[in-house]
Structure formats: structure tokens, C-alpha cells
K.L.:
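Below you'll find the structure I mean.
The basis for the numbers below is simple: all heavy atoms, side chains too, and nothing from hydrogens, waters or symmetry mates.
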Amino acid sequence: SSLPLGAGVRLADVSTVSPANYDALKAYLEAETAFRREGSPAAIAAYDRALKADSTFALAWYRKSVAENWTSLDYLGSLEKALQYEDKLNARDRAFARAYHAFYVGENERFDTLSANLTRDYPQHVGAWQIRGSHFRFYGWRTGQPRLSSVRAYERALELDPDRKS
């Protein structure tokens, strides 16, 4: 049977989840739903439940770091845990985690390359345009990019999903 995962879900293939990790999967799905409906605090609590069930659940670590960032919590530890287990992430989420890490630790040139790759490889993904907008907003001036470039990237993200919260 299949689970109704919903639009925008990052865990599309549940066949890789072993029976021992069903509690982690359930909590992860609850976290994703909470993030979309209720916001970061409820999501963080559910991600924590997923990670209690499976401390190597890279996707839960990654998404927890995003939720923590939205609430101005210390997200770098969670992001680094996700990267510690990055072999368990799919290519897209691994690329996003690496790009966010480069952004958060101030690796501007690497962040420029990784965020450009995201919009090239995933042009219909809202998050790719959000992260590219962040690059232009915070680092573009260092490479002579006009600030308007960030506006264009954020506008593209809004075109793709005007109701997106996370």
C-alpha cells in the first residue's frame, strides 16, 4: 500500500525504510505536515521524535535544520548531522544540504556554484530559487551581481508556489 504523502514531499520512496524505522517515518511525515500547516516549533518536535527513532535519518536532520533556521535556533548542528549521513539523502536533498551548509558557513564561491546548480538542475523547485535568491541577497555584491537578481529569484519562487511557507 502507499502512503498519501502530499505535494512537495521529499520522501517519495518509502520502500527503502525498514520496519524498524516506521516510527521514524511516521514522525517525519507528521513533521512535514506540521511544517506546512503549523510552522516550525511543532515541526521541530516531530523531527525530534523521528530522530529519536532513527538517529541516522539524514532527511529528518536536514529538514529539522531548515525548521530551526526559520525560528532562529541553532540549525548548524542539525545540518552537519544531515551531512554526516548524506549518503542516505537523495541527490536533490544532498545538493540542497550542501548548498545551505556553504551559505551558513560563509563559503561564498562554493555557495554561488551550488545555488546556480540547483536552479539549473531543478528549475521547477521553489527551494532552488529561494536559495539562489539568498545567494544574490547576501553575497551577490561581492561578485558584482545587482541586488535585483535576488528579487528576480524570489519572484520565480513565488510564481512556482505562491502559498509556500517552508
K.L.:
Examine Leu51 and Leu76 and state if one hydrophobic cluster contains both, with Ile, Leu, Val, Met, Phe, Trp and Tyr joined whenever side-chain heavy atoms are less than 4.5 Å apart.
P.N.:
yes
K.L.:
How far does CG of Asp161 sit from CD of Gln130, to the nearest 0.5 angstrom?
P.N.:
8.5 Å
K.L.:
Would you say Val66 ends up clustered with Phe57 if hydrophobic residues are merged whenever their side chains have heavy atoms under 4.5 Å apart, either directly or through other cluster members?
P.N.:
yes
K.L.:
Can you tell me how far the CG atom of Leu25 sits from the CD atom of Glu30, to the nearest 0.5 Å?
P.N.:
9.5 Å
K.L.:
How close do Ala97 and Leu89 get, heavy atom to heavy atom, and via which atoms?
P.N.:
CB-CD1, 4.3 Å
K.L.:
Starting from the C-alpha separation in whole Å, work towards a yes-or-no answer on side chain to side chain contact (heavy atoms under 4.5 Å, CB included) for Trp61 and Tyr47.
P.N.:
CA-CA 8 Å; Trp61 281 115; Tyr47 289 126; over 6 Å; no
K.L.:
Is it the case that over 12 heavy atoms from other parts of the model lie below 6.0 angstrom from the NZ atom of Lys26?
P.N.:
no
K.L.:
Run through the side-chain heavy atoms of Ile, Leu, Val, Met, Phe, Trp and Tyr, join any pair under 4.5 Å, and report what else lands in Leu158's cluster.
P.N.:
none
K.L.:
What's the verdict on side chain to side chain donor-acceptor pair (under 3.5 Å) for Asn69 and Tyr104, showing C-alpha distance, side-chain angles and the deciding distance?
P.N.:
CA-CA 10 Å; Asn69 184 33; Tyr104 295 140; 2.7 Å; yes
K.L.:
Measure from the side-chain N and O atoms of Asn21 to the backbone N and O of Ala24, and report whether any donor-acceptor pair falls under 3.5 Å.
P.N.:
no
K.L.:
Looking only at side-chain N and O atoms, does Ser115 offer a donor or acceptor that is under 3.5 Å from a partner on Arg132?
P.N.:
yes
K.L.:
Which atom names give the shortest non-hydrogen contact between Thr71 and Ser40, and what distance separates them?
P.N.:
CG2-CB, 3.0 Å
K.L.:
For Ile131 versus Ala99, what's the shortest heavy-atom pair and its separation?
P.N.:
CD1-CB, 3.5 Å
K.L.:
Let me see the working for Glu68 and Asp74 under side chain to side chain contact (heavy atoms under 4.5 Å, CB included), right down to the final yes or no.
P.N.:
CA-CA 7 Å; Glu68 288 170 334; Asp74 180 19; over 6 Å; no
K.L.:
Examine Leu59 and Tyr22 and state if one hydrophobic cluster contains both, with Ile, Leu, Val, Met, Phe, Trp and Tyr joined whenever side-chain heavy atoms are less than 4.5 Å apart.
P.N.:
yes
K.L.:
Return the CD to CD distance between Gln124 and Glu159, rounded to the nearest 0.5 Å.
P.N.:
10.0 Å
K.L.:
Atom CZ of residue position Arg147 - does it have more than 12 heavy atoms of other residues, nucleotides or ligands inside 6.0 Å?
P.N.:
no
K.L.:
Any idea which heavy atoms bring Arg137 and Ser150 closest together, and the distance?
P.N.:
N-CB, 3.6 Å
K.L.:
Output, in order, the C-alpha distance, side-chain angles, deciding distance and verdict of salt bridge (Lys or Arg N to Asp or Glu O under 4.0 Å) for Glu155 and Arg152.
P.N.:
CA-CA 5 Å; Glu155 285 174 343; Arg152 289 183 185 135; over 6 Å; no
K.L.:
Identify whether the distance between the nearest side-chain nitrogen and carboxylate oxygen of Asp54 and Arg49 falls below 4.0 Å.
P.N.:
no
K.L.:
Please name all residues satisfying ring pair (Phe, Tyr, Trp, His ring centres under 6.0 Å) with Phe111, sequence neighbours left out, ordered by chain then number.
P.N.:
Phe103, His135, Tyr139
K.L.:
Roughly how far apart are Glu86 CD and Gln84 CD, rounded to 0.5 Å?
P.N.:
10.5 Å
K.L.:
Determine, stepwise, if the pair Lys64 / Tyr75 fulfils side chain to side chain contact (heavy atoms under 4.5 Å, CB included).
P.N.:
CA-CA 8 Å; Lys64 179 183 176 191; Tyr75 49 84; over 6 Å; no
K.L.:
Give the minimum heavy-atom separation between Leu118 and Ala95, together with the two atoms involved.
P.N.:
CD2-CB, 3.7 Å
K.L.:
Decide yes or no for Asp48 and Lys52: does some side-chain heavy atom of the first lie under 4.5 Å from some side-chain heavy atom of the second?
P.N.:
no
K.L.:
Could you check whether any side-chain N or O of Tyr154 sits under 3.5 Å from a backbone N or O of Ser149, counting only pairs where one atom can act as donor and the other as acceptor?
P.N.:
no
K.L.:
What about the rings of Tyr62 and Phe96, do their centers lie closer together than 6.0 Å?
P.N.:
no
K.L.:
Return the minimal non-hydrogen interatomic distance between Leu79 and Tyr100, and the atom names on each side.
P.N.:
CD2-C, 3.9 Å
K.L.:
Output the distance between atom OG1 (Thr113) and atom CG (Asn108), rounded to the nearest 0.5 Å.
P.N.:
9.0 Å
K.L.:
Can you measure from CD (Glu80) to OG (Ser65) and round to the nearest 0.5 angstrom?
P.N.:
10.0 Å
